[in-house]
Amino acid sequence: MSSTAKNGPARCVMVLGTTSGAGKSWLATALCRWYARRGLKVAPFKAQNMSNNARVVDGGEIGSAQYFQALAANAVPEVRMNPLLLKPERDTHSQVVLMGQVSEVLSALPWRGRSERVWPQIAQALDELRAENDVVVIEGAGSPAEINLMASDIVNLRVARYAEARCLLATDIDRGGAFAHLYGTWALLPEADRSLLHGFVLNKFRGDASLLSPAPEKLQALTGVPTVATLPMWWQHGLPEEDGVFDDRSRASGTVTKTVAVIAYPRISNLDEFQSLKNVPGVRLVWARTPADVAGADWIVLPGSKHTSGDLAWLRAQGLDRAVAEHAARGGVVLGICGGLQMLGEALVDPHGIDGNAPGLGLLPLVTVFEREKTVCHRAATFGTLAGDWAALSGVPMAGYEIHHGQTAAHPQMAHDGHAVMPEGLAWQNARGNVLGLYLHGLFEDATVLHALFGAAAPTLDSTFDGLADFIDTHFDAGVLAGLIA
């Protein structure tokens with residue numbers, strides 16, 4: 001096949017996992033670039049994604065993983081690539097985004113009540129992508145062997161059957177029990193669906209691969225499925241993990257000159273925008289959950305949140321509110337992004353029951369009012385004149401995106417304590433100059449900003465995607481990847 005000569009509906013290659021965190025997202029991203037580099041027209045697809053990491057595309061928002069997969073495929077990201085996005089707000093409730101737009105009706109339905117309502121749109125989106133492409137790389141969710149969810153499944157086996165996908169099953173061998181996970185998953189699949197599996201993938205392996213024998217051979221004898229790749233542990237592949245904080249380890253390239261502590265509250269959102277900091281020489285990135293985690297940090301960052309008032313309450317329960325206030329009082333740098341900006345203000349006001357009322361941290365003279373309508377858009381703006389620690393951003397242009405319900409304005413009685421430093425209230429700075437609040441996501445993904453703040457640039461996304469493709473090309477058995485679309 002080629003991008004200029006199509007032979008009917010696209011071939012579908014699907015990445016399943018034995019668990020969340022098995023490596024599905026980055027492997028799907030690597031496959032997108034691997035097939036695209038062979039002149040094929042490629043699109044990613046994930047029927048249902050549960051994540052608070054989202055990106056703005058034409059038509060609304062999709063999960064960040066599918067956004068990056070589209071870029072890896074040299075495709076324009078769009079809502080059909082992730083037709084259903086669930087954004088957790090509490091342990092038992094998620095905001096439901098269907099085809100890029102928030103659906104209050106679906107958000108109110110119980111989990112199992114949504115499946116049949118949304119399947120027609122999911123199937124249509126997949127049909128359209130298959131008609132327009134040579135290859136569709138599909139990502140599953142969690143595990144296909146979650147037998148409590150099989151009856152309402154719309155993201156794993158139902159999609160695999162519908163697309164007649166050739167599936168890879170990945171497992172995290174670093175955690176132990178990998179062969180039991182693979183065999184158990186195969187055994188719990190309906191017998192008719194086992195033929196969908198074309199290869200097992202051992203991910204995050206450390207050591208001598210020859211010591212794995214005879215386990216892969218015995219597993220194939222039991223299941224008929226070969227182990228087609230053993231992928232070495234790769235800490236710096238350059239992409240954020242799909243589930244949760246991308247890792248808890250604190251590392252820096254070279255001598256540490258700046259420690260950045262990002263508060264990892266329970267409903268943290270858009271955490272993937274901090275991935276680039278891991279690649280800036282001299283910067284040590286720390287995920288902070290206790291006051292001890294921010295001790296000694298040069299910067300404290302309050303990231304986005306899917307439930308600002310709830311995460312603010314959590315912040316206070318941990319004593320992190322005092323730690324942030326004391327850090328700021330000493331002149332330490334504080335940055336709030338989106339929900340973090342809202343927390344830095346004086347108050348959260350919620351007349352519509354969107355998020356919740358709460359007093360803010362009082363580090364910026366702002367009040368946020370939550371509106372029913374959600375702001376979802378790309379934005380480009382230029383910083384005005386900034387003082388103090390943020391002066392390097394004065395006059396620097398930035399491109400990013402907004403995803404928020406809150407609308408923020410200066411508190412009329414406290415205007416002397418801070419001022420707007422970007423048009424239309426997109427950014428604010430306190431009078432002292434060490435606290436900055438910003439509505440735009442993507443600050444550290446902007447090359448101009450990175451250079452202004454750190455005098456350095458992170459690797460480009462294209463080089464990251466090519467590195468992923470090279471990695472799987474090296475470690476998959478010869479002919480497997482091409483054979484999946486033959």
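Residue numbers start at 1 and run along the sequence shown.
Here E61 pairs with K374 in a salt bridge; the nearest charged N to carboxylate O distance falls below 4.0 Å. With respect to the salt-bridge test (charged N to carboxylate O, under 4.0 angstrom), the residues K306 and D311 do not qualify. Contact check on R379 versus E402 returns a salt bridge, with a Lys/Arg side-chain nitrogen under 4.0 Å from an Asp/Glu carboxylate oxygen.
Separation of the F454 and W299 ring centroids falls under the 6.0 Å cut-off. Note: H405 and F370 fail the aromatic proximity criterion, with ring centroids not under 6.0 Å apart.
D174 places no side-chain N or O within 3.5 Å of a backbone atom of N203 that could act as its donor or acceptor partner. Put simply, the side chain of D153 gets close to the backbone of N156: a donor and an acceptor are under 3.5 Å apart. Distance alone, capped at 3.5 Å, is enough to place a donor-acceptor pair between the R166 side chain and the A486 backbone. In this structure, the side chain of K46 does not engage the main chain of V155 through any donor-acceptor pair within 3.5 Å.
Note that CG of L109 is 12.5 Å distant from CD of E104, once rounded to the nearest 0.5 Å. E89 CD to S309 OG: the interatomic distance, rounded to the nearest 0.5 Å, is 10.0 Å. Taking CG of N52 as the start and CG of L85 as the end, the distance is 8.0 Å to the nearest 0.5 Å. Atom CG of D172 is separated from atom CG of L231 by 11.0 Å, given to the nearest 0.5 angstrom. Between the CG atom in L31 and the CD1 atom in I138 there is a gap of 11.5 Å [rounded to 0.5 Å]. L320 CG to T290 OG1: the interatomic distance, rounded to the nearest 0.5 Å, is 6.5 Å.
Ring geometry for W287 against F274 counts as perpendicular: the plane angle is over 60°, on a 0 to 90° scale with 30° as the lower cut.
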Report the C-alpha distance between R11 and V13 in whole Å, list the side-chain angles of each, state the deciding distance to 0.1 Å, and finish with yes or no for side chain to side chain contact (heavy atoms under 4.5 Å, CB included).
CA-CA 7 Å; R11 288 287 194 186; V13 177; 5.6 Å; no

Step by step, would you call N82 with Y67 a side-chain hydrogen bond (donor to acceptor under 3.5 Å, both in side chains)?
CA-CA 9 Å; N82 176 209; Y67 176 88; over 6 Å; no

Audit row: D466, S463, side-chain hydrogen bond (donor to acceptor under 3.5 Å, both in side chains) steps and yes/no:
CA-CA 5 Å; D466 284 336; S463 67; over 6 Å; no

Could you walk me through whether D208 and S210 pass side-chain hydrogen bond (donor to acceptor under 3.5 Å, both in side chains), step by step?
CA-CA 5 Å; D208 181 356; S210 66; 2.7 Å; yes

With side-chain hydrogen bond (donor to acceptor under 3.5 Å, both in side chains) as the test, would you mind laying out the steps for S25 and E139 before giving the verdict?
CA-CA 7 Å; S25 295; E139 181 185 341; 2.7 Å; yes

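Annotation: H451, atom NE2; neighbour count of heavy atoms from other residues, nucleotides and ligands within 6.0 Å does not exceed 12. Around the CG atom of L188, the shell of radius 6.0 Å holds more than 12 heavy atoms that belong to other residues, nucleotides or ligands.
When side chains are defined from C-beta on, C338 counts as touching Y439, because their heavy atoms get closer than 4.5 Å.
With W34 as the aromatic partner, R38 meets the cation-pi criteria of under 6.0 angstrom to the ring centre and within 45 degrees of the ring axis.
Partner F200 forms a side chain to side chain contact (heavy atoms under 4.5 Å, CB included) with one of T230, T223, V228 and no other, that one being T223.
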